[in-house]
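The structure appears below as structure tokens.
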Amino acid sequence: MNRRKTVIGNWKMNFTHKETASFLEKFKTNDLDKNADVIFCVPFTDISAAVNALSDTNIKVGAQNLYFEEKGAYTGEVSAKMLSECGVEYVIIGHSERRSLFNETDEIINKKVKKALEYNLKPILCCGETLSQRERGIEYDFIRTQIKSALYGISKEDAKNIVIAYEPIWAIGTGNTATNEQAEEMCLTIRNCVKELYVEEFGEKIIILYGGSVNTKTASELFKMENIDGGLVGSASLKDDFSVIVNA
Ligand code: PEP
């Protein structure tokens, strides 16, 4: 199955408006693999700088969160409509940092995925187990539950616009990349889960990424695995040589 390679940078809370412009003006001069979709998920305050800097390229801009309500008295929150009007095309939903630091539940994540889809934003749906869940041998069941809850009530037509990122929590920001086999096995499990929820053919098409300490050394072997279609990359996407990962 020929799925497009997808490499997404998650900047988290890094880079100011000015730093965004100068980083991306330089980044876009790299010779990037034309067969890869490249997306930068930037802080809200960097969106306009990113959209401007990338307007003459195929590189897309994503956000890192949204709120599931339409509008109203939700101080500090940002809606799907606001993002969409700013030129945002993707949005990370359910990142483990939001689940653990900001108490986002599976139910909240499901509502956010639905709201993003309503505004034609492509959700980058994150899932991942803790080290203790892996040590107890419950990682596969846990991930299947996360995926089923996040996709609850979402039609196949809508689900086509979702990208799934498997990010084991023990690998994020730790320098401990999962082995190629660990990452592949879980991405295959996720693909099979999507096939069960929808149809076989769709499960073959959905883009599934690995994330967790991907770097210029580990990317190419990970991306060669059959069920891994690219990566969600945190700290390494803040460096000039992120292009090496895109081209891996
Ligand atoms: C992430 O937070 O999505 C991530 C994968 O981070 P890192 O690459 O820094 O582990």
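Both counts, for ligands and for their atoms, begin at 1 and track the order of listing. Just so you know, residue 1 is the first one in the sequence shown, and it goes up from there.
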So, is the end of the Lys115 side chain (NZ or CZ) under 6.0 Å from the ring centre of Phe68 and within 45° of the ring's axis?
no
Salt bridge flag under 4.0 Å for residues Asp56 and Lys28
yes
Charged N to carboxylate O under 4.0 angstrom, Glu201 versus Lys205?
yes
Would you say the side chains of Ser22 and Glu25 form a donor-acceptor pair under 3.5 Å?
no
Could you tell me whether some N/O pair between Gly173 and ligand 1 is separated by less than 3.5 angstrom?
yes
Just which atoms of ligand 1 are under 4.0 Å from any heavy atom in Asn10?
1 (C), 2 (O), 3 (O)
Distance-only side-chain donor-acceptor flag, Asn52 / Ser55, under 3.5 Å
no
Tell me which protein heavy atom sits closest to atom 5 (C) of ligand 1, plus the residue, atom name and distance to 0.1 Å.
Glu167 OE2, 3.0 Å
Please report whether ligand 1 has a polar contact with Thr174, defined as an N or O pair separated by less than 3.5 Å (distance criterion only).
no
Between Lys26 and Asp240, is there a salt bridge with N-O shorter than 4.0 Å?
yes
Need the ligand 1 atom indices (1-based, order shown) with element for anything under 4.0 Å from a heavy-atom of Gly212.
5 (C), 10 (O)
Are Asp106 and Lys148 close enough for a salt bridge, meaning some N to O gap below 4.0 Å?
no
heavy-atom search around atom 2 (O) of ligand 1 in the protein gives Lys12 NZ, 2.6 Å
Is there any N or O on Gly234 that sits under 3.5 Å from an N or O of ligand 1?
yes
How far is atom 1 (C) of ligand 1 from its nearest protein heavy atom, and which residue and atom name does that atom have?
His95 NE2, 3.2 Å
Of the protein's non-hydrogen atoms, which lies at the shortest distance from atom 9 (O) of ligand 1, and what is that distance?
Ser235 N, 3.0 Å
Work out whether the distance between some heavy atom of Ser213 and some atom of ligand 1 is less than 4.0 Å.
yes
